[in-house]
Amino acid sequence: MDVGLGLWTLRSTAADPAGHAGLYAGLVEDARIAEALGFHSLWLAEHHFWYDGWCPAPLVAAASVLAATTTLRVGTAVHLLPLYDPARALAEVEWLHTMSGGRFEHGVGIGYRPAEYDGYGHSRRVRGARMDAALEHFADSPAPIWVGGMAGPALARAARFGRNLLLPSTLRRDQLEAAIAEAVAQVAVMKYTWVGEPGDAVDTQTRFTQEYTGAWFPLHGRPGFESPDLLAAQTRRTIETGIFGPEAVLAGTLDELEALGADLVIVHLAGDGRREDRHEQMERIARAVAA
Amino acid sequence: MLDAPAGEAPLPALTRQAVALEARGLLAWLEATPRTGPPLLTAAALAPATRHLRFLIRVDADEHPLAVAEAAVVADNCTNGRIALVADPGEHADALRAALTGHPFRHDGPRWTIPANRPENDGAQPRIAVTPPSAQLSLPVRTGLVPVDLDEPDALVERLRDGELAVIRLPDTDLPGRLAAIDELARRVAPRLVHPLPPGLEDYWRSALD
């Protein structure tokens, strides 16, 4: 089982304001550290038009990271493929594959923000159809494709196209088992993680989840901050399904996920801020993986 | 104009040329070709090996302006502020400029309606902002720049002098040939493009080079 690191979102948040040029320079530095520590992959994420500057073009950032590394694989969790013209997207993926010696991992998803589709001129109702059409177009893409999601249509889509599955963070064990049972190819599992004293780790994750989910995630159609009970429930679920504690807890969970059938675990660190913390986390995770 | 020789791994060849251009104070023009890839991705890929090289990116007029603008601001952050776009004049350039302010905007034109404001897209706003901000204060969008073929130096100087920016297509040769052409441009053409050299220096320049 491989272990990768994520997600590099390149955000400037209320909790940790940052300059974006510095974040992108930091991304390359982080990638070189991840490579030196022996991680399988580094994963980027995508969103659009948001206050925190969340990276809207992860394939461009991936190009930078791939050029600066030699063995590290670089993936998207996930590229919002249905937004784009499939022919152009395929040309971009083919280029990343060629220039990197085959190190690009193409995670794709339909997203969940209607405003992103609206910006690009699409109805949110056609997300699934556009994804299906794009995957047809990508039938001979040279890069491995990971279909992201956990809902029925996503699992069915991955199976129908014979593609790998990329399962999001915050799934319970029974949900993981059910999804892995339906997989026809490889399975990647994302897990929110913070290594340290359990109290500190939970606090770090909670701070991240409150801002991300509160401002961003539509809980029953309204941002989390407008639904405090739902936000609290989502935060609890994030903590319960994540890995927050000493290295031994992470090592044990990685063993469990391997036994469940995961081919790849993407260790999902909360937030982009506090570079020093991030590098320390990467070292601690590498030790847990080696254990 | 950056291009990769046929039959070679593209990125190392592009990187060697980019480093040579940077050393000589020239700019790099990138457009989509099978060997150079989507130009904003290529510019981002050349970012780690360069520090000062500026990239002129020829934009495809058929690509959605948001996709271009977003890739441009990300590439601009990857390069710490070294991206400029070259677009067709008209609606596409207008939409790009509006998007690249980084402020909320909308564009209603013959080809593009941004954002679409479809009623079923809950939560969609009448205006959107491209984020993150570019590293530069204002990411340039130029129009009207067209590459010319490499010619004999005096003829090139004649054609390009007093123009704004010159874009020269390197010969379609192997890597050493391209690097030699970059050197030739830096030595024989670039110094004379802004205005004629002082009396005597033109002759000295030729004799020093020959």
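On a predicted model such as this, the values are computed, not experimentally measured, just so you know. Chain identifiers are assigned alphabetically (A, B, ...) following the order of the sequence lines, protein sequences preceding nucleic acid strands; residue numbering begins at 1 within each chain.
Heavy atoms of A47(B) lying under 4.5 Å from chain A belong exclusively to its side chain. Heavy atoms of I128(B) lying under 4.5 Å from chain A belong exclusively to its side chain. Contacts of D76(B) with chain A are absent, with no heavy-atom separation under 4.5 Å from either backbone or side chain. For R32(A), the part lying near chain B is the side chain, with the backbone staying farther off; criterion is any non-hydrogen pair under 4.5 Å. Of the two parts of L83(A), neither the backbone nor the side chain holds a non-hydrogen atom closer than 4.5 Å to a non-hydrogen atom of chain B. With a 4.5 Å cut-off on non-hydrogen atoms, R88(A) touches chain B through its side chain but not through its backbone. For T79(B), no part sits under 4.5 Å from any heavy atom of chain A, backbone or side chain. Using a 4.5 Å cut-off between heavy atoms, T98(A) contacts chain B through its side chain alone, with no backbone atom that close.
Between the side chains of T71(A) and E35(A), at least one donor N or O lies within less than 3.5 Å of an accepting N or O. The closest side-chain donor-acceptor pair between T36(B) and T33(B) falls under 3.5 angstrom. The closest side-chain donor-acceptor pair between H92(B) and D62(B), if any, does not fall under 3.5 angstrom.
When the candidates W50(A), W54(A), Y51(A) are compared by the number of heavy-atom contacts under 4.5 Å with chain B, W50(A) comes out ahead. Ranking T113(B), V73(B), N117(B) against chain A, the residue ahead of the rest is N117(B), based on heavy-atom pairs under 4.5 Å. Listed options A68(A), G101(A), A115(A), A63(A) were ranked by heavy-atom pairs under 4.5 angstrom with chain B; first place goes to A63(A). Comparing Q125(B), E120(B), R106(B) by heavy-atom pairs within less than 4.5 Å of chain A, the highest count is held by E120(B). Counting heavy-atom pairs closer than 4.5 Å to chain B, the top-ranked of the candidates E92(A), E116(A), M99(A) is E92(A). By number of non-hydrogen pairs under 4.5 angstrom with chain B, the leading residue of A67(A), A25(A), P56(A) is P56(A). When each of N80(B), D122(B), I114(B) is scored by its heavy-atom pairs under 4.5 Å with chain A, the top score falls to D122(B).
For the side-chain contact (heavy atoms from CB on, under 4.5 Å) criterion with P58(A), the lone passing option out of L44(A), T9(A), L10(A) is L44(A).
The environment of D108(B) atom CG is dense: over 12 non-hydrogen atoms of other residues, nucleotides or ligands sit within 6.0 angstrom. Surrounding CZ of R54(B) are at most 12 heavy atoms belonging to other residues, nucleotides or ligands under 6.0 Å away.
Classified by interplanar angle (parallel below 30°, tilted 30° to 60°, perpendicular above 60°), the ring pair W43(A)/W146(A) is perpendicular.
Here the two rings, on H106(A) and F104(A), have centers that are under 6.0 Å apart. Ring-centre distance between H47(A) and Y212(A): not below the 6.0 Å cut-off.
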**Item:** Chi angles and distances behind the side chain to side chain donor-acceptor pair (under 3.5 Å) call for E94(A), S141(A)
**Value:** CA-CA 7 Å; E94(A) 286 172 339; S141(A) 174; over 6 Å; no
